[in-house]
Amino acid sequence: MQTVVKKWFRDKDSGFLENGSGPDIMVRKADLVNCKFLKTGATVEFECHIDEQVLTAKKVKLLAQNKFKNPKNRNPGGKKFPFGVMT
């Protein structure tokens with residue numbers, strides 16, 4: 001499954017993932033695969049499990065995020081082109 005991080009508490013090493021109109025999905029630092037913490041709004045892929053009547057995310061992987069915050073950046077690779085050259 002894929003969703004967005006709703007909230008992350010660094011002091012508690014846990015947080016919650018969006019679940020549409022359903023209950024939020026709990027995620028713990030121990031279940032993160034390729035990162036040490038999550039940021040609110042980040043997109044993740046995970047497996048959903050039920051632990052003691054609570055939805056819990058397991059094997060949570062942070063998906064590639066857009067590194068360029070400026071959407072007008074038309075040259076994200078940093079490749080330099082001299083004036084007069086059309087690409």
Applying side chain to side chain contact (heavy atoms under 4.5 Å, CB included), run through Leu17 and Val44 and close with a yes or a no.
-> CA-CA 9 Å; Leu17 306 178; Val44 293; 3.9 Å; yes
Apply the test salt bridge (charged side-chain N to carboxylate O under 4.0 Å, His left out) to residues Glu47 and Lys58: give CA-CA distance (whole Å), side-chain angles for both, the deciding distance (0.1 Å), then the verdict.
-> CA-CA 5 Å; Glu47 293 179 3; Lys58 303 284 185 183; over 6 Å; no
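If you take OG1 on Thr43 and CG on Leu63, they are separated by 6.0 Å, rounding to the nearest 0.5 Å. Considering OG1 of Thr56 and CZ of Phe16, their distance stands at 9.5 Å, rounded to 0.5 Å.
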If you look only at distance, which donor and acceptor atoms sit under 3.5 Å apart when one is on a side chain in residues 7-14 and the other is two or more places apart or in another chain?
none

Contacts under 3.5 angstrom, residues 25-35 side chains, donor-acceptor by atom type, not counting sequence neighbours:
unit_1	atom_1	unit_2	atom_2	d
Asn34	OD1	Leu62	N	3.0
Asn34	ND2	Leu62	O	3.3

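For Lys61, there are no salt bridge (charged side-chain N to carboxylate O under 4.0 Å, His left out) partners, not counting sequence neighbours.
Contact detail for Thr3 and Glu18: the closest heavy-atom pair is OG1-O, 2.9 Å.
You'll find the side chain of Leu55 reaches within 4.5 Å of the side chain of Asn19, heavy atoms only.
Under the 4.5 Å side-chain contact rule for hydrophobic residues, Leu38 and Met1 share a cluster.
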